[in-house]
Number of protein chains: 2
Amino acid sequence: MSRKPRLRSGTGITMHDVGQAAGVSAITVSRALHSPERVSPALREKILQVVEQLGYVPNRSARQLASARSHTVLVLIPSLSNTVFIDALAGIESVLQPAGYQMLIGNTHYSDSEELALLRAYLQHSPDGLLVTGLNQLPAFRQIVAQQALPAVYMMDLSEDDRPCVGFSQEAAGASMTRHLLERGKRRIAFLGAQLDERVIKRLHGYRLALQEAGCHDPALEWLNPSPSSMQMGADMLDALLAAHPDCDGIFCCNDDLAIGAIARCQQRGIAVPAQLAIGGFNDLQAAAWTTPALSSIATPRFDIGVAAARLLLQQLNGEAMTSQKLDLGFQLKIRGSS
Amino acid sequence: MSRKPRLRSGTGITMHDVGQAAGVSAITVSRALHSPERVSPALREKILQVVEQLGYVPNRSARQLASARSHTVLVLIPSLSNTVFIDALAGIESVLQPAGYQMLIGNTHYSDSEELALLRAYLQHSPDGLLVTGLNQLPAFRQIVAQQALPAVYMMDLSEDDRPCVGFSQEAAGASMTRHLLERGKRRIAFLGAQLDERVIKRLHGYRLALQEAGCHDPALEWLNPSPSSMQMGADMLDALLAAHPDCDGIFCCNDDLAIGAIARCQQRGIAVPAQLAIGGFNDLQAAAWTTPALSSIATPRFDIGVAAARLLLQQLNGEAMTSQKLDLGFQLKIRGSS
DNA sequence: GCCGATATTGTTAGCGCTAACATCGCGCCA
DNA sequence: TGGCGCGATGTTAGCGCTAACAATATCGGC
């Protein structure tokens, strides 16, 4: 029985080694580490000491393989470069970390198919649960989630079916900003949209709704660009919009990036904000408060959404009844100088 | 031999099942999936078809346990909310993903001890390699890395020892911006620093060096605050600085966040930038180009650093000779309206 | 002092996969 | 035609851990 020892990472010290050094069996070490109440206090103490002394590092793969629970949660977000999702991530981390769960972060790059591919790939880690951004996953995605009975919580929006979710009404938020601009006396209000993910589209719906109510909806004022948004794009869209519709007196930008670019361009062109042109953004990023004039925006509870979604997931994982299937965390209209 | 079947996540379909369905042994399935050249084309095709058909998902834990390689890389960054590190992350992802490696992301919150704790925790996943931000890890951290012979690449700075690293000279970059302000005729140049991690301190050293060369270094103009930086802090620090030193004619902010807050406050207070007060930032975030006036900054190759660091690590993992132990990717002074 | 309940520790087997070695069959060359 | 080499596939064993069951030790009550 003389096999070549394999090269392997890790200390090479196993639970068995710890047991021997402490004069007990491996399973007792396992219990001392994971269910301390099942080992006598003196022995537990001794085992922990040996663990420390030998620098023992448990092997998660082996544990996972033997026990079925992975203590791992897969988090899928559309982008790493959008602060919105990073904030949510921070909220999630603040709940999962203390609970002993580790996050696997998947960046879908706003792509349905990549989202599906990531799910497939990360399934190899057999995550115990799933936190997903948005509600519009591909059928194959939903099928896998259903088939594997993967506990999942959906973030950033409110579902109309029975999927557990935490978010706010993107549509209502879009309508809210639009109504605010209407209240400021603006009638020719444009919509600048980029990226055009499901959330942007819902904000657009809210915008339309509010303008239709007020009887001044004009489809020609909807400017949509599926490319990723940027401040440069905001500036460019502003130029194009004003060239085509000089009578435009208000703009609702689907996010703050666009709005910051637009407001800077106004500054450069000497366009009076808000007198001549009122501008509203979305998300209330840090920078929104520091433009000239400061940008009105919709503050969204990203961090809290992350926290609540993670909590909801943990409840499912622990087999507890969920306190609530759907959590509407609302939003807040921040009125500043730009409107 | 009638044991209760265990509850477990995953499809429950194993490599063995796939093998049976395809009329081969499990190991052949394994080879068809991971080293296709060792299986005849026809058979491989058939196996892949069965895999697809059964919806087989390989179990990574089992693979890891049996094979020693985890195909996982641990990435440690100080913060998720700082775009700088997110950009690096994107670069890393763009290399690791296609190479079949998965990233484990650890957020150290700028804390040495948390960094060490994360290393310990993620060691349970037996990562094949390590990508770390900065060079100043705790001794215990270095000891673990050495002891486990963990391949590691350090990012964002240049080491003076033999650790492989990819970055640029923070000190030279700090000096570069300072010299630029000197060239603009400024003599009373302040330094605004927040967070005070190792990189900020090195920029500060560069600033001092440049001012000492020019014979106009005044320690009273160094304003340091260990709290996390923000635009608000930049504005506040500007107020405090000018209250104490009205003769100050230039400011080097250790990052763009501070600079954006400072420049906005100047705008509010009617301070002429750059005539009365020149302002320089660091990192060249997107927003830097959209302040009024636009912010001069040091553009740093974050994405490329991530790419290069990941490549270097892969070379180590594959046992290849590293093309280079130390990679200086430089930086670029972006001169805009604020100076 | 004996019985059973309870607390504590051990034994056995197996999670799903792959390294290492074994085997088989086929083609090629002398 | 025989033997050799090589490519393709199979067999065996075990990675490190834990669920389930087994075996003790301990203790109180009668």
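By convention in this document, chain letters (A, B, ...) are assigned in the order of the sequence lines, proteins followed by strands, and residues within each chain are numbered from 1.
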Peer 1: Check step by step if side-chain hydrogen bond (donor to acceptor under 3.5 Å, both in side chains) holds for B:Arg69 and B:Tyr101.
Peer 2: CA-CA 10 Å; B:Arg69 291 282 286 263; B:Tyr101 280 83; 2.7 Å; yes
Peer 1: For the residue pair A:Phe85 and A:Tyr110, does the interplanar ring angle fall in the parallel (under 30°), tilted (30 to 60°) or perpendicular (over 60°) class?
Peer 2: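 Aromatic pair A:Phe85/A:Tyr110 classed perpendicular.
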Peer 1: For B:Ala308 and B:Leu329, work out which heavy atoms get closest and say how close.
Peer 2: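 Scanning both residues, the minimum pair turns out to be CB-CD2, 4.4 Å.
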Peer 1: Whole angstroms only, please: what is the NE2-P distance between B:His16 and D:dT12?
Peer 2: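 Nearest whole value for this atom pair: 13 Å.
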Peer 1: I need the CZ-C1' distance between B:Arg63 and D:dC17, as an integer number of Å.
Peer 2: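 Roughly 20 Å, once rounded to whole Å.
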Peer 1: Considering only side-chain heavy atoms of B:Asn59, which listed nucleotide, C:dT18, D:dC17, C:dG16, is closest?
Peer 2: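 Between C:dT18, D:dC17, C:dG16, the one nearest the side chain of B:Asn59 would be C:dG16.
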Peer 1: Could you state the CZ-P distance from A:Arg69 to D:dA19, rounded to the nearest angstrom?
Peer 2: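 Value for this atom pair: 11 Å.
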Peer 1: Please round to the nearest 0.5 Å and tell me the distance separating atom OG of A:Ser79 and atom CD of A:Gln195.
Peer 2: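 Rounded to the nearest 0.5 Å, the OG-CD separation comes to 7.5 Å.
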Peer 1: Ignoring hydrogens and geometry, is there a side-chain-to-backbone donor-acceptor pair from A:Ser61 to B:Leu65 under 3.5 Å?
Peer 2: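 No: the side chain of A:Ser61 does not pair with the backbone of B:Leu65.
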Peer 1: Using five base pairs at each end, measure the axis-to-axis angle across the helix from C:dG1-D:dC30 to C:dA30-D:dT1 and round it to 10 degrees.
Peer 2: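 Terminal axis comparison yields 40°.
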Peer 1: Taking CD from A:Gln20 and C1' from D:dG16, how many angstroms apart are they, rounded to a whole number?
Peer 2: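 A:Gln20 atom CD is separated from D:dG16 atom C1' by 14 Å.
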Peer 1: Mind listing the N/O atom pairs, protein and nucleotides 6-9 of chain C, below 3.5 Å?
Peer 2:
unit_1	atom_1	unit_2	atom_2	d
C:dT9	OP1	A:Ser40	OG	3.2
C:dT9	OP2	A:Ser40	N	3.0

Peer 1: Mind calculating the distance between CE (B:Met15) and P (C:dG14) to the nearest angstrom?
Peer 2: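 B:Met15 atom CE is separated from C:dG14 atom P by 21 Å.
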Peer 1: Once you round it to whole Å, what is the distance between P of C:dC15 and CD of A:Gln64?
Peer 2: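 Distance check: A:Gln64 CD to C:dC15 P gives 16 Å.
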Peer 1: From the options C:dC17, C:dA19, C:dC15, select the nucleotide whose nearest atom is closest to the side chain of B:Ser67.
Peer 2: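 Of the candidates, C:dA19 comes closest.
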Peer 1: Please name all residues satisfying salt bridge (charged side-chain N to carboxylate O under 4.0 Å, His left out) with B:Arg163, sequence neighbours left out, ordered by chain then number.
Peer 2: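 Once residues adjacent in sequence are excluded, the partners of B:Arg163 under the salt bridge (charged side-chain N to carboxylate O under 4.0 Å, His left out) criterion are B:Asp161.
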